[in-house]
Amino acid sequence: RLVPVDGRVNVEVLAGVNVENVLLELSAGGEIAGRVSDQETEMGIAGAELRLSYQSGQGLGDTPNTHTDAQGYYFFSALRSGQYSVRRQALPEYPSNYDRRDEFEQTAVAEIGERTEGIDFRLSQGMLISGIVVDEAGDGLSGVQLLAFSPNGGINSNTTSRANGAFAIAGLRPNTR
């Protein structure tokens, strides 16, 4: 029986020597799981992409991404013990609120042979501003750029008015100007 030390097993193989009855026990590793859902409806969001990165010591190299299933559930498996960062990738209909880090990134701890659950992301589609840009005569103006600013003064979103002057900016957070 070979017992791993610090996650590694060293086996010496000599030319011309047969080694029999060697049992190597491997762990399935840990799992991190959660759900991505709409904050207002609590419905799962299918197809959301999540990325995992290892925070404890050395990096994992290329960490596979995963996507949520039809009910919004996801999981990462075969993980070594340690602290990880789970980050959801951008979704056009659910803009990130970078004032609330938990909407796009969370920390989770994986342990060999255990499943860490509840690493959930509840997303809001935000608010909508819409209207028509007109001139003094009341005619719609085409091609006018409109900007929405976040509370910290950065540009939250932008759009350009259509041929009839109509515009819409979706996904805005409260206190957007």
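One is the number of the first residue; the rest follow in order along the sequence.
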Does the side chain of [Y] come within less than 4.5 Å of [X]'s, by heavy atoms?
| X | Y | result |
| --- | --- | --- |
| Arg88 | Glu49 | no |
| Leu91 | Leu123 | yes |
| Leu79 | Tyr84 | yes |
| Met43 | Ser37 | no |
| Leu50 | Thr68 | yes |

With distance as the sole test, does [X] use its side chain to make a donor-acceptor pair with the main-chain N or O of [Y] at under 3.5 Å?
| X | Y | result |
| --- | --- | --- |
| Thr116 | Val109 | yes |
| Thr160 | Val144 | no |
| Ser161 | Gly143 | yes |
| Gln106 | Arg87 | no |
| Ser81 | Ile112 | yes |

Please round to the nearest 0.5 Å and tell me the distance separating atom [atom1] of [X] and atom [atom2] of [Y].
| X | Y | atom1 | atom2 | result |
| --- | --- | --- | --- | --- |
| Thr66 | Leu52 | OG1 | CG | 9.5 Å |
| Ile45 | Gln71 | CD1 | CD | 13.0 Å |
| Glu31 | Phe76 | CD | CZ | 11.5 Å |
| Gln83 | Ile32 | CD | CD1 | 9.5 Å |
| Ile169 | Leu147 | CD1 | CG | 7.5 Å |

* **Chi angles and distances behind the side-chain contact (heavy atoms from CB on, under 4.5 Å) call for Glu40, Ser124** => CA-CA 7 Å; Glu40 287 77 29; Ser124 174; 3.1 Å; yes
Does [X] make a cation-pi contact with [Y], if we ask for NZ or CZ under 6.0 Å from the ring centre and within 45° of the axis?
| X | Y | value |
| --- | --- | --- |
| Arg35 | Tyr73 | yes |
| Arg80 | Tyr54 | yes |
| Arg115 | Phe75 | yes |

* Would Leu146 end up clustered with Val134 when hydrophobic side chains under 4.5 Å apart are linked, directly or stepwise? ->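 No, because Leu146 and Val134 fall into different hydrophobic clusters, even though each may have its own neighbours under 4.5 Å.
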* Asked: In terms of side-chain heavy atoms, does Glu105 have a donor or acceptor partner in Ser85 at a distance below 3.5 Å?
  -> yes
* Asked: What closest approach, in Å, do Val86 and Tyr74 show between heavy atoms, and which atom pair accounts for it?
  ->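 Scanning both residues completely, I find the closest heavy atoms to be CG1-OH, 3.7 Å.
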